[in-house]
Student: 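Just passing along the structure, written as structure tokens.
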Amino acid sequence: MAKNNKIGHDGVVRKVTGTGIEVVIESQSACTGCHAKSACGMADVKQKIITAEVPLFPVAPGEKVTVYARLNQAVFSVLLAYVIPVLIIIAFICLLLHLGAGETSAALGALGALVVYFILLYLNRKRIGRRIRFTVEKRA
């Protein structure tokens, strides 16, 4: 759901701390709305825990809220998680093939570069986390 240049998901407050609140959201695949989902076994519902900033209004565990992230933060997340890794794979495969490596070596080299990229992401997770902020609003 998009609202005022924000992307939101409905959730339930799990825990309230002094530094933030934990909200459980359900991530659903497109199959969850299908009438035949039980027959094909493709139903995919996962629960994710999001830590959001403490709101200005009181919240309690079990309360229904909507978690929002600004659109530019969502785009930044997609770039880090999907676009850049794909570009790394393509670039390394092309580069290594151009340098004369075999296809298997090029693929393994690209996967190695991807491992290094994700390790760098992990090491910078706190700095990235400061850039991506979640807010909550009470659900109507």
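Everything numeric in this text was worked out from a predicted model, so none of it was measured. When reading the values below, keep in mind they use all heavy atoms of this one structure, side chains included, and skip hydrogens, waters and symmetry mates.
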Student: Testing the basics here: between R14 and P61, what is the closest heavy-atom pair and its distance to 0.1 Å?
Tutor: O-CB, 3.7 Å

Student: Minimum heavy-atom separation for T51 and E22, please, with both atom names.
Tutor: OG1-CG, 4.1 Å

Student: Looking at every non-hydrogen atom in both residues, tell me the closest pair between V54 and T19 and how far apart they are.
Tutor: CG2-C, 3.8 Å

Student: Please determine if E137 and K6 form a salt bridge, counting it only when a charged side-chain N lies under 4.0 Å from a carboxylate O.
Tutor: yes

Student: Looking only at non-hydrogen atoms, find the nearest pair between A110 and I93 and report the distance.
Tutor: CB-CG1, 3.7 Å

Student: Testing V115, L121, V116, L120 for side-chain contact (heavy atoms from CB on, under 4.5 Å) with F118, which one passes?
Tutor: L121

Student: How far does CD1 of I119 sit from CG of L123, to the nearest 0.5 angstrom?
Tutor: 7.5 Å

Student: Is any side-chain heavy atom of D10 closer than 4.5 Å to one of K64?
Tutor: no

Student: Rounded at 0.5 Å granularity, tell me how far CD1 in I49 sits from CD1 in I21.
Tutor: 12.5 Å

Student: Would you give the length of the straight line joining atom CD1 of I89 to atom CD1 of I84, rounded to the nearest 0.5 angstrom?
Tutor: 12.5 Å

Student: Mind listing the closest non-hydrogen atom pair of A74 and I7 along with its distance?
Tutor: CB-CD1, 3.6 Å

Student: How long is the span from the CZ atom in R133 to the CZ atom in R70, to the nearest 0.5 Å?
Tutor: 10.5 Å

Student: Of the non-hydrogen atoms in V59 and V16, which two are nearest, and what is the gap between them?
Tutor: O-CG2, 3.8 Å

Student: Is there a path of hydrophobic side-chain contacts, each under 4.5 Å between heavy atoms, that joins I128 and V75?
Tutor: no

Student: How far does CG of L96 sit from OG1 of T104, to the nearest 0.5 angstrom?
Tutor: 12.0 Å

Student: Could you tell me whether a side-chain N or O of Y117 sits under 3.5 Å from a main-chain N or O of L80, the two making a donor and an acceptor?
Tutor: yes

Student: Taking atom CZ of R127 as the centre, does the number of heavy atoms from other residues, nucleotides or ligands within less than 6.0 Å exceed 12?
Tutor: no

Student: Does S105 use its side chain to pair, donor to acceptor, with the backbone of A101 at less than 3.5 Å?
Tutor: no

Student: Can you check whether R131's main-chain N or O pairs, donor with acceptor, with Q73's side chain at less than 3.5 Å?
Tutor: yes

Student: In this structure, would I132 and V67 fall into the same cluster of hydrophobic residues linked by side-chain contacts under 4.5 Å?
Tutor: yes

Student: Could you see if I50 belongs to whatever hydrophobic cluster contains F57? Use Ile, Leu, Val, Met, Phe, Trp, Tyr and a side-chain cutoff under 4.5 Å.
Tutor: yes

Student: Using 0.5 Å steps for rounding, measure from the CG atom of L87 to the OH atom of Y82.
Tutor: 15.0 Å

Student: Answer with yes or no whether the hydrophobic clustering places Y68 together with F134; edges join I, L, V, M, F, W, Y residues whose side-chain heavy atoms lie under 4.5 Å apart.
Tutor: no

Student: Might you confirm whether atom OH of Y122 has over 12 heavy atoms from other residues, nucleotides or ligands at distances under 6.0 Å?
Tutor: no

Student: Are I88 and F76 connected into the same hydrophobic cluster when the rule is that any two of I, L, V, M, F, W, Y join if their side-chain heavy atoms are below 4.5 Å apart?
Tutor: yes

Student: In sequence, state the C-alpha distance, the side-chain angles, and the governing distance for V23 and V136, and then conclude on side chain to side chain contact (heavy atoms under 4.5 Å, CB included).
Tutor: CA-CA 9 Å; V23 180; V136 296; 4.1 Å; yes

